[in-house]
Amino acid sequence: MKEKTPLNFLERIIEDDLANGRVPENTIVTRFPPEPNGYLHIGHIKSICINFGLAEKYKGRCHLRFDDTNPEKEEMEYINSIKRDIKWLGFDWGDYEYHASDYYLQLYEIALELIKQGKAYVDSLTAEQMKEYRGTLREPGKNSPDRDRSIEENLRLFLEMHEGKHPEGKYILRAKIDMSSPNLNMRDPALYRIKFASHPRTGDTWCIYPMYDFTHPISDAIEGITHSLCTLEFEDHRPAYDWATSIDGIEHTPHQYEFARLNINYFVMSKRRLLNLVKLGIVDGWDDPRMPTISGVRRRGYSPESMKDFISRVGVAKVEGVVDYSLLEFCVREDLNKRADRLMVVLNPLKLVIDNYPEDKVEYFEAVDNPEDQNSKTHQIPFSRELYIEREDFMEDPPKKYHRLYPGNEIRLKYTYYVTAHSVVKDDEGTIVEVHCTYDPESRGGSTPDGRKVKGTSHWVSASEGITIEARLYDKLFLTEYPGKETGNYLDDLNPDSLQIVRDAKAEPQIKQAQEGDYLQFIRNGYFCVDNKASSEDHLVFNRTATLKDSWAKLKKKMGM
RNA sequence: UGGGAUGUAGUGUAAUGGUAACACUGCAGAUUCUGGUUCUGCCUUUGGGGGUUCGAAUCCCUCCAUCCCAGCCA
């Protein structure tokens, strides 16, 4: 059987290159090159899946390379989080861990050589002057007065830059390309700038640092990268990439290809804006379960498998688009439905008293952990005269199509008995505090000998045996599809109700078995996981990963309730 | 108005000169001890205009729209 899954444009390029012997040793080499200046987010998952995934598919390899050329923004904390996140996704770079900073010396020597060949010069223009000389989008730039500085002087000044003899901003090393190029990146791009900043890896060894357009292509060449895959905004940099990989003495020639970055509506996905949410204290940190960071979705309870499935469904192309948040939710639910163990937890408890059930009796009923799994284990649930049910599962005066509990109506308490409501007890304010009902002993196990049907089944928790837990209910962080589109400030579109904390949810005792990393479903309430930060043995805290689809809520809305 | 890219259902992605399709969303129904799951059906698509061709989403011309680029960020 030959399966004909359509190839995306990158796979076509690779298969074509492989077929035509354009790849050394017939082994493709890709790389994932994060800058360690923040936490990885869902957008990076796409890049990770593309780079590691392609290497896997074509039996090549994928390097992890930290693009650490700007010490002012980069930190060890980020390096560690990035590694952890990639591992969590299930990818392994093996021995191929690199840092652009590993190449600082080689880069420096190449720069020296460039100067000697008259292909680079030291410029003393200020940043503002450089901007003026650069020209505009439609007007060509002007040559810097320093462009014709002698090779000897360029060499001397660059050496002095390296030795720390000049302050930041005084000099800059530039490539001598073409100030009249219609591509601004080719108007003598900066190669090296002076920065008296301590680098997370090289410390104070260097006071000059190479720029991206110089470092990235050469790093790719050094590592033998064959396919350098990046996002669309680097298309304009490809000529600079090709310029750098054409420098004399550079033997290997990788090629750059660009794909569209991932956008999802109702999210912000730039490191700058995510960092801002953290700094302003709007969220609990980079790993807040509402954040689209990898550490955030992990804490939220999304599985790595569902994230990879999502990325594969999104596809790879060059069209800049926006994926629906609903697709992400679909992938999460589909995966969790198959793997989550079911438990009964009442989030908004209302006491239910079964008047004709013995006072001190406790019965145990067996429940399947996961009905989607043929080989699922089971566990026991205690049942007693006083229970909690969901407040939303009882109404004194129900609307049409409400088939839960109301006076005179019979429903099933999941796994156990049919009960019929009779009366309520209210407090001084008229709020129902107790519902009284009777049960039918004949219905034990959830069905009756006479075969009569009930329309509703409610989950429940024994009042005496249940355990109090905390549940954190999350909703979208932003109210609008494109945060900030209207006002220009994405903070204007924050959802004030993106986190609802329920402190007195009632759970069946089985909840004590829950471990960090378990995927759970609280029956009829959604998917949940243990919060890896806040939960402790005597104060269990759960995060709602996703709600269940709720067609009743939809119906209610349609009926104008 | 310089350069680089991109236009296929609401959204994302296929079809590479031969009957426009898949998934998500939405809608309707069936099943169900989760108003979940599962199952069935329905809705809606080639940016516009020319041309080449027996035949065009695909090739050509033209127009239009959208995105990216003027960091000593990546």
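Excluded from the calculations below are hydrogen atoms, water molecules and symmetry mates; all remaining heavy atoms, backbone and side chain alike, are included.
- For R138(A) against rG3(B), no side-chain N or O and base N or O form a donor-acceptor pair under 3.5 Å.
- The phosphate of rC73(B) (OP1 or OP2) has a side-chain N or O of K195(A) nearer than 4.0 angstrom.
- Phosphate contact (OP1/OP2 of rC72(B), side-chain N/O of T126(A), threshold under 4.0 Å): absent.
- Shown for residues 412-421 of chain A: residues whose heavy atoms fall under 4.0 angstrom of RNA chain B, namely R412(A), K414(A), Y415(A).
- Enclosure of atom NZ in K57(A) by more than 12 non-hydrogen atoms of other residues, nucleotides or ligands within 6.0 angstrom is indicated.
- K556(A) comes within 4.0 angstrom of nothing in the nucleic acid, heavy atoms only.
- If you take atom C1' in rC27(B) and the same atom in rU62(B), they sit 41 Å apart, rounded to whole Å.
- Residue-level contact check: H216(A) touches neither bases nor backbone, having no heavy atom under 4.0 Å from any strand.
- Look at K558(A) and you'll find a side-chain N or O under 4.0 angstrom from OP1 or OP2 of rA28(B).
- Put simply, K455(A) has no side-chain N or O that comes within less than 4.0 Å of OP1 or OP2 on rU32(B).
- Residue K318(A) has no polar side-chain atom (N or O) positioned under 4.0 Å from OP1 or OP2 of rC67(B).
- Heavy atoms only, all atoms of each residue included: P382(A) and S462(A) are closest at O-CB, 3.5 Å.
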- Task: Could you go through the side-chain contact (heavy atoms from CB on, under 4.5 Å) check for I411(A) and V419(A) one step at a time?
- Result: CA-CA 6 Å; I411(A) 63 157; V419(A) 293; 4.0 Å; yes
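- A cation-pi contact links K476(A) to Y266(A), judged by a cut-off of 6.0 Å to the six-membered ring centre and 45° from its axis.
- Between F383(A) and W460(A), the ring planes lie perpendicular to each other; the angle is over 60°, past the 30° to 60° tilted range.
- Side-chain nitrogen and oxygen atoms of R193(A) include at least one within less than 4.0 Å of the OP1 or OP2 phosphate oxygen of rC73(B).
- Note on ring orientation: taking the six-membered ring where Trp is involved, the planes of Y417(A) and Y439(A) are perpendicular (angle over 60°, cut-offs 30° and 60°).
- Judged by distance alone with a 3.5 Å cut-off, a donor-acceptor contact links the side chain of E372(A) to the base of rG36(B).
- Contact annotation: T69(A) reaches the phosphate of rA74(B) (side-chain N/O to OP1 or OP2, under 4.0 Å).
- Comparing the same atom, P, in rU11(B) and in rU46(B) gives a spacing of 12 Å after rounding to whole Å.
- Stacking between W552(A) and the base of rG35(B) is present: ring centres sit under 5.5 Å apart and the planes differ by under 30 degrees.
- No donor-acceptor contact under 3.5 angstrom links the side chains of D146(A) and Y171(A), judged on distance only.
- OP1 or OP2 of rG71(B) sits under 4.0 Å from a side-chain N or O of R134(A).
- Residue contacts for L125(A): at a heavy-atom cut-off of 4.0 Å it reaches a base atom on one of the strands shown.
- For rU37(B), the OP1/OP2 oxygens have a side-chain nitrogen or oxygen of K549(A) closer than 4.0 Å.
- Checking the phosphate oxygens (OP1, OP2) of rG35(B), a side-chain nitrogen or oxygen of R524(A) falls inside 4.0 Å.
- Contact of the E410(A) side chain with the S443(A) side chain is not registered, since no non-hydrogen atoms from C-beta on lie closer than 4.5 Å.
- With ring centers used as reference points, F478(A) lies 6.0 Å or more from Y325(A).
- Counting to the nearest Å, the P atom of rU37(B) and the CZ atom of R339(A) are 18 Å from each other.
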- Task: Report the secondary structure of RNA chain B in dot-bracket form, marking unpaired bases with a dot and bases paired to a different strand with |, and treating Watson-Crick or G-U pairs with both distances under 3.5 Å as paired.
- Result: .((((((..((((....[..)))).(((((.......)))))....(((((..]....))))))))))).....
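- Distance noted for atom P between rA57(B) and rG51(B): 15 Å (whole Å).
- Here the separation of rA70(B) from rA15(B), taken at their C1' atoms, is 40 Å to the nearest Å.
- Nearest approach of T293(A) to W286(A), heavy atoms of both residues: OG1-O, 2.5 Å.
- Looking at heavy-atom distances under 4.0 Å, T136(A) makes contact with a base.
- If you check rA70(B), rU34(B), rU13(B) against the side chain of V319(A), the one that comes closest is rU13(B).
- Proximity note for D236(A) (side chain, C-beta onward) versus rC68(B), rA70(B), rC72(B): the nearest is rC68(B).
- Residues meeting the ring-ring contact (aromatic ring centres under 6.0 Å, His included) test with Y402(A), sequence neighbours left out: W552(A).
- Contact annotation: side chain of R342(A) to base of rU34(B), donor-acceptor pair present below 3.5 Å.
- Side-chain to base pairing of Q521(A) with rU34(B): one donor and one acceptor N or O lie within less than 3.5 Å of each other.
- Comparing rU53(B) with rG17(B), their C1' atoms sit 9 Å apart, to the nearest whole Å.
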